[in-house]
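Chain identifiers are assigned alphabetically (A, B, ...) following the order of the sequence lines, protein sequences preceding nucleic acid strands; residue numbering begins at 1 within each chain.
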Number of protein chains: 2
Amino acid sequence: MDFLSAKSVIDSALDKGFLCVVVGNCSVKYFGRAASKLSEGDRLLVIKPDGTFLVHQRSKMTAINYQGPGARVSTQLAENLVVTARREKPKEEIVVSFNSVQFAGAFEMHDDSKLKVFGSERQLSDLLMQDLHLIEKGLVPIKQESDVKKGTIDILAEDSKKRLVVIELKRRTAGLDAVTQLNRYARELRERKGVQVRGILCSPSITPNALAMLEKEGLEYFKLDYEVSNPSAKIKGLQKKQKGLEDYC
Amino acid sequence: MDFLSAKSVIDSALDKGFLCVVVGNCSVKYFGRAASKLSEGDRLLVIKPDGTFLVHQRSKMTAINYQGPGARVSTQLAENLVVTARREKPKEEIVVSFNSVQFAGAFEMHDDSKLKVFGSERQLSDLLMQDLHLIEKGLVPIKQESDVKKGTIDILAEDSKKRLVVIELKRRTAGLDAVTQLNRYARELRERKGVQVRGILCSPSITPNALAMLEKEGLEYFKLDYEVSNPSAKIKGLQKKQKGLEDYC
DNA sequence: GCGATCAGCGGCACG
DNA sequence: CGTGCCGTTGATCGC
């Protein structure tokens with residue numbers, strides 16, 4: 001496909017607010033928050049009506065170079081067909097220089113649908129709020145998504161002995177970061193309120209290092225079994241893995 | 001474009017290891033780590049030779065449904081043209097059901113080029129290793145990327161008073177997580193070695209909450225100015241923002 | 001293979 | 001707007 005035709009397809013797409021797809025051999029330069037260079041190769045370029053700009057290689061899921069919504073795209077024709085995406089704040093620029101173009105197409109796309117997701121952490125949190133007794137008898141919810149200075153507590157509750165309980169929920173294997181996060185919240189509450197505060201981590205699994213740190217910090221772990229049977233999620237069970245404070249008192 | 005032609009384009013692309021692009025009206029179902037439903041709308045489907053499977057809406061950077069490298073893609077023709085991507089471990093499936101197809105194309109793509117990035121944290125770390133005196137006179141590097149039980153320390157150094165110094169580097173604004181991370185490393189070393197350990201956070205900026213926590217934990221902050229003038233990055237300066245331990249002794 | 005962390009993370013929701 | 005954090009995070013590198 002000749003450059004002139006390709007340019008006119010792209011320009012027309014930009015003008016009409018169509019999605020544009022270009023396949024061709026190109027090199028790519030990026031400068032902005034970081035900088036990058038990619039030498040010649042066959043790539044797929046996708047330009048969306050909202051300014052989204054994606055350069056894909058033949059492998060991998062993520063675009064090798066990109067620009068988010070809000071970028072302004074323009075084309076220049078010289079030796080090569082050059083497509084530029086610019087964006088302010090942060091000031092960034094991608095320049096794609098095509099040596100050849102295999103294909104360029106513009107497509108009008110209507111789409112008002114929104115994705116419905118099942119099994120998100122938020123959904124699991126909602127379910128858990130209704131079923132805190134699965135963790136422990138007498139545990140009652142106080143607040144969900146409770147903002148404190150050092151972050152947001154997934155679930156704040158109170159146990160049968162009126163102790164504050166901070167619950168951190170993870171939808172997948174919990175690592176060191178999850179324990180650190182929980183610890184941060186528990187410490188802040190302890191210090192701020194001057195009372196005993198329990199911290200409970202709930203996740204389908206936990207890494208050995210994370211479990212070790214959790215135990216050393218006096219936090220508790222509950223294994224969370226759930227399934228995402230469409231069109232919702234369901235908590236199948238909660239199993240204590242570590243002895244709580246009461247075992248040491 | 002009729003379904004039969006579209007199917008044959010896709011099948012041929014799958015067979016030959018070409019990249020395949022399809023534009024059409026479809027609905028999408030996903031089930032795996034989570035589950036999702038997306039009702040009818042015009043979408044861009046990209047299938048890469050490595051199994052990467054991307055469903056894009058007209059807006060936003062990220063694919064609305066996707067599957068990473070390794071997925072096995074197949075097509076079925078019935079009422080609709082159905083394209084399925086399956087993957088084991090985790091067991092996942094995406095089903096795209098096309099009501100109509102505007103375009104389907106297959107493209108051979110040769111590309112051996114690898115992206116070269118400038119201004120990554122690792123690169124900044126390399127630079128900082130050579131210039132620890134920018135932080136403080138007498139600070140000498142011990143080890144880069146030092147693995148400890150609770151993670152990986154960016155830079156481990158020793159100050160003029162032979163104290164261990166843990167340096168955590170962030171290429172962008174540091175938040176609570178960065179402070180928590182640094183604190184984790186410093187605490188582990190303190191405990192394991194039974195010695196005094198300083199912790200220094202270096203980043204272009206830091207959020208107020210993070211700075212407050214950092215100061216409360218007795219850690220130190222250095223503002224890191226750098227620029228990514230192609231083809232490399234360069235540290236422009238380091239500025240102390242908080243008094244260190246020596247000011248309290 | 002799992003584990004930990006970075007990423008030009010992106011996106012969202014809340015202050 | 002910034003701040004915090006989730007994400008079907010993905011990708012990389014080390015063990």
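- If you find the closest nucleotide of DNA chain C to B:Ser120 and to A:Asp147, the one lying nearer the 5' end belongs to B:Ser120.
- If you check the side chains of B:Ser39 and A:Ser113, you find a donor sitting under 3.5 Å from an acceptor.
- Heavy atoms of other residues, nucleotides or ligands lying less than 6.0 angstrom from NZ of A:Lys223 number more than 12.
- Applying the ring pair (Phe, Tyr, Trp, His ring centres under 6.0 Å) test to B:Phe107 and every residue at least two apart in sequence or in another chain returns A:Phe103.
- Rounded to a whole Å, the CZ atom of A:Phe53 is 17 Å from the P atom of C:dG8.
- Residues satisfying the salt bridge (charged side-chain N to carboxylate O under 4.0 Å, His left out) criterion with B:Lys193, sequence neighbours excluded, are absent altogether.
- For residues 63-73 of chain A, the set of pairs meeting the side-chain hydrogen bond (donor to acceptor under 3.5 Å, both in side chains) definition, not counting sequence neighbours, comprises A:Ser36-A:Asn65.
- Legend: residues meeting side-chain contact (heavy atoms from CB on, under 4.5 Å) with A:Ser27, ordered by chain and number and at least two apart, are A:Glu40, A:Ser97.
- Residue-level contact check: B:Lys91 touches neither bases nor backbone, having no heavy atom under 4.0 Å from any strand.
- Contact annotation for A:Arg184: backbone-only contact, meaning every heavy-atom pair under 4.0 Å involves sugar-phosphate atoms and none involves a base.
- Residues A:Thr173 and A:Ser205 bring a donor and an acceptor atom of their side chains to less than 3.5 Å of each other.
- Counting any heavy atom pair closer than 4.0 Å across all strands shown, A:Ile94 reaches a base atom.
- The C1' atoms of C:dA7 and D:dC5 are separated by 15 Å, rounded to the nearest whole Å.
- At the heavy-atom level, A:Tyr185 lies under 4.0 Å from the strands shown only through sugar-phosphate atoms.
- One finds the OH atom of B:Tyr226 at 9.5 Å from the OG atom of B:Ser203 (value rounded to the nearest 0.5 Å).
- Residue B:Arg172 is classed as a base contact, given a heavy-atom separation below 4.0 Å to a base.
- Less than 4.0 Å separates DNA chain D from no heavy atom of any residue of residues 148-157 of chain B.
- Here salt bridge (charged side-chain N to carboxylate O under 4.0 Å, His left out) pairs that include residues 49-62 of chain B, with residues two or more places apart or in two chains, number zero.
- Residues from residues 174-182 of chain B that place a heavy atom under 4.0 Å from any atom of DNA chain C, listed by number: B:Gln181.
- Open room surrounds CZ on B:Arg86; 12 or fewer heavy atoms of other groups in view lie less than 6.0 Å from it.
- Within the structure, a side-chain polar atom (N or O) of B:Lys89 is placed less than 4.0 Å from OP1 or OP2 of C:dC2.
- Less than 4.0 Å separates DNA chain D from no heavy atom of any residue of residues 32-44 of chain A.
- Looking at heavy-atom distances under 4.0 Å, B:Ile64 makes contact with a base.
- Under the side-chain contact (heavy atoms from CB on, under 4.5 Å) criterion, A:Ala233 pairs with A:Gln123, A:Leu124, A:Leu127, A:Val228, sequence neighbours left out.
- With C1' as the reference atom, D:dT8 and C:dC14 are 24 Å apart, rounded to whole Å.
- For the residue pair A:Tyr30/A:Glu93, the side-chain donor-acceptor check at 3.5 Å is not satisfied.
- Only the P atoms considered, C:dG8 is 23 Å distant from C:dA4, to the nearest whole Å.
- Rounded to whole Å, atom P of C:dG15 lies 11 Å from atom CD of A:Glu145.
- Remark: A:Asn65 is not in phosphate contact with C:dG8, judged by side-chain N or O atoms under 4.0 Å from OP1 or OP2.
- Rounded to whole Å, the separation between the P atoms of D:dG10 and D:dC6 comes to 16 Å.
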Quick test: give all pairs of protein nitrogen or oxygen and nucleotides 11-13 of chain C nitrogen or oxygen below 3.5 Å, distance rounded to 0.1 Å.
from   : atom 1 : to      : atom 2 : distance (Å)
C:dG11 : OP1    : B:Met61 : N      : 2.7
C:dG11 : OP1    : B:Thr62 : N      : 3.4
C:dC12 : OP2    : B:Lys60 : NZ     : 3.1

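- The outermost nucleotides of DNA chain D lying under 4.0 Å from heavy atoms of chain A, listed 5' to 3', are D:dG2 to D:dT12.
- The structure places NZ of B:Lys236 at 9.0 Å from OG of B:Ser229, a figure rounded to the nearest 0.5 Å.
- The structure places CD of A:Gln239 at 13.0 Å from CD1 of A:Ile135, a figure rounded to the nearest 0.5 Å.
- Heavy atoms of B:Glu93 sit nowhere under 4.0 angstrom from any nucleic acid atom.
- Applying the salt bridge (charged side-chain N to carboxylate O under 4.0 Å, His left out) criterion to B:Lys150, with sequence neighbours excluded, gives no partner residue.
- Here B:Pro208 lies in heavy-atom contact (under 4.0 Å) with sugar-phosphate atoms only.
- If you take NZ of B:Lys170 and C1' of C:dA7, they are 10 Å apart, rounded to a whole angstrom.
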